Q: 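Structure provided below as structure tokens; questions to follow.
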Amino acid sequence: MSCLEAAGVRKRFGGLHAVDGVDFTVEPGELVGLFGPNGAGKTTLFNLIAGAYYPDAGTIRFGGDDVTRFPAFRRARLGIARTFQVVRPFRALSIMENLLAVVASEGALSRTPEQDALQLLAGVGLADRANDPAGSLTLGMLKRFEVARALMVQPRLILLDEPLAGLTDGESAMMLRLIESVKVRAAVVMVEHNVRLALPLCDRAVVMEQGRVIAQGTPAQIRSDPAVIHAYLGDTPEGG
Amino acid sequence: MRFAAITVAAAALAAVMPFAGVSVYAGTLVYYAAYYLVLGQAWNMMSGLTGYVSFTHGALAGIGAYTAVLAINGGWPITLALVAAVAVTAFASLVIGVTSLRLRGTAFTFATLFFQELLLLGVRKLPAAGGAAGTTLQEILPTSLPHVLMVLTAAGATIAFALLRRSRTGVRLLAIKGDEDAAAAVGIDATRLKIGVFCASAALCGLAGGIHALFIASLHPESVFSVDTSIVALAVPLIGGVETALGPVAGAILYVGLREILQIVAPSLHLVIVGLLILLVTLFLRDGIIGAARRLLQRRRTYRAALETAR
Ligand SMILES: Nc1ncnc2c1ncn2[C@@H]1O[C@H](COP(=O)(O)OP(=O)(O)OP(=O)(O)O)[C@@H](O)[C@H]1O
Ligand SMILES: [Mg+2]
């Protein structure tokens, strides 16, 4: 059984077809790269999967259950976690409290949430900042913090929206190692503009343009796909 | 729990006042500080933690007051009457909560304002509640009873707030205040939590209102459901500092003191000046008197530490 199966999902904003009939599956343990130019509909697809919006049409199944009409919090409790393209910490809370606010997915309830949180923070290099307010962290730290907060959900699927955006080279290297370690715990979908750095990590890649999937396959297939080169990779400096 | 011990000690001192020969005037001031402290902590639980602003905490206490008086006049013992006050108020809050807390943003605030007005209109037309003339407690009780009960309730509310703030539920409520979408993304059921905490907060108001009815003995719809009490309920934590257990304590003491002075100096301006004070505090202190005091202490500590290392 697939971990995630989105079939024929559509989402319109006014006259704009942000997601226009997308089929998208993720197998357990897989790391899928989701690429495409600005405005392709990648974040909107994440929002549909995580339940921030409901699709206008199509179905979303998670672990075999139809979750199309489930609110976001319920999907999180089933094991879908995410990070945000623009980081969204609870700024007034400490880093530790941010993690303690998380409701772990069903069946993953822990008796020692503080210890779990500290362990996750150590894993993203933030153990010494546990008691600092989230608002005091740098962007690089907040990007890693969001991964830790998402892992606190104990997810089976984790959606990373542009985890490398805005990071320095050193921070990017750290984040890539982190993503590899996340893959051991859950299936991962990663949206990234930095295809050069992200593609080598992927088991499979999907390319969207104007709300549609225009190509998918192994990293090697994607690199040589003429439609992809035309639509996306050819136009971006990092794409080479 | 040093904090709980201090709270209990302070409450014990305040509770024995009527029996220790303290003047009635001083006792009344302490009583009102305790009453406003309960309302302030109740508001702090709901609006301080979730950010959903209520303008009806005074009216919720009014429901408790009316319920208690009607029950006692109907022959119920005081304990049962207070239980009824809590239950009826909690139920009334569900009516507001279930309809407006499913929505984000200001829907709740408007619902509370509307509810406040609706209650006043309704109670004035209700013959069973004495209509526009109000109703009076038929039993004559010593004021020491409501005094002790209110002080204990205030201490209980303060400790309950401190425990809630430290619990994971408290952190989740603050997460909702910070970013409701991000809260949902980490599994927080915002609607349920908001309705739940509003109901608990209303129950506390119902208890305070029921006890207060024993103190004032006669109820008039215009004063019981006046928006003034609701404004005091929010002024107390806003002046003292929201999100902390100590904030409303400072706020309640300051408010009662200020009101006494204003009653002599400028009786008609009292709410205007309270409004001005809220404005000044939110503009210049942000997190209230307690928050500002904490920052000051912190700064002095870092300054001292810097001096030490400089030596
Ligand atoms: N809430 C919204 N309301 C209106 N339009 C929206 C909304 N969210 C997204 N859009 C539009 O839908 C389209 C797809 O946006 P989306 O954010 O999904 O793209 P993306 O692939 O994530 O792009 P980027 O790489 O820039 O993040 C864009 O044209 C965007 O302007
Ligand atoms: Mg995006």
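Residue numbering restarts at 1 for every chain, and letters A, B, ... go by the order of the sequence lines. Only a predicted model underlies this, so the values are computations on that prediction, with no experimental measurement involved.
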Q: Please check if the number of heavy atoms outside A:Arg12 that lie under 6.0 Å from its CZ is greater than 12.
A: no
Q: So for A:Leu159, is it side chain, backbone, both, or neither that comes closer than 4.5 Å to the heavy atoms of chain B?
A: neither
Q: If you look at every heavy atom in A:Arg149 and B:Ala182, which pair is closest and at what distance?
A: NH2-CB, 4.3 Å
Q: Might you point out which heavy atoms bring B:Val186 and A:Val153 nearest each other, and give the distance in Å?
A: CA-CG2, 4.2 Å
Q: Roughly how far apart are B:Asp179 CG and A:Leu93 CG, rounded to 0.5 Å?
A: 11.0 Å
Q: Decide if atom CZ of B:Arg102 counts as having more than 12 heavy atoms of other residues, nucleotides or ligands within a radius under 6.0 Å.
A: no
Q: At a 4.5 Å cut-off on heavy atoms, which part of B:Ala190 comes close to chain A: side chain, backbone, both, or neither?
A: neither
Q: Between B:Arg168 (side chain only) and A:Ala101 (backbone N and O only), is there a donor and an acceptor less than 3.5 Å apart?
A: no
Q: May I ask you to name which of A:Pro113, A:Ser105, A:Pro89, A:Pro155 has the most heavy-atom pairs under 4.5 Å with chain B?
A: A:Pro113
Q: Is it the backbone or the side chain of A:Arg88 that comes under 4.5 Å from a heavy atom of chain B, or both, or neither?
A: both
Q: Hey, could you give me the CD/CZ distance between B:Glu180 and A:Phe73, rounded to the nearest 0.5 Å?
A: 11.5 Å
Q: What are the two closest heavy atoms between B:Ala185 and A:Ala76, and how far apart are they?
A: O-CB, 3.4 Å
Q: Evaluate whether atom OH of B:Tyr303 has more than 12 neighbouring non-hydrogen atoms of other residues, nucleotides or ligands under 6.0 angstrom away.
A: no
Q: If I compare all heavy atoms of B:Arg172 with all of A:Leu100, which pair ends up nearest, and what's the gap?
A: NH2-O, 3.8 Å
Q: Do other residues, nucleotides or ligands put more than 12 heavy atoms under 6.0 Å from the CZ atom of A:Arg74?
A: no
Q: Looking at B:Arg192, I'd like to know if its CZ atom is crowded, meaning that more than 12 non-hydrogen atoms belonging to other residues, nucleotides or ligands lie closer than 6.0 Å.
A: no
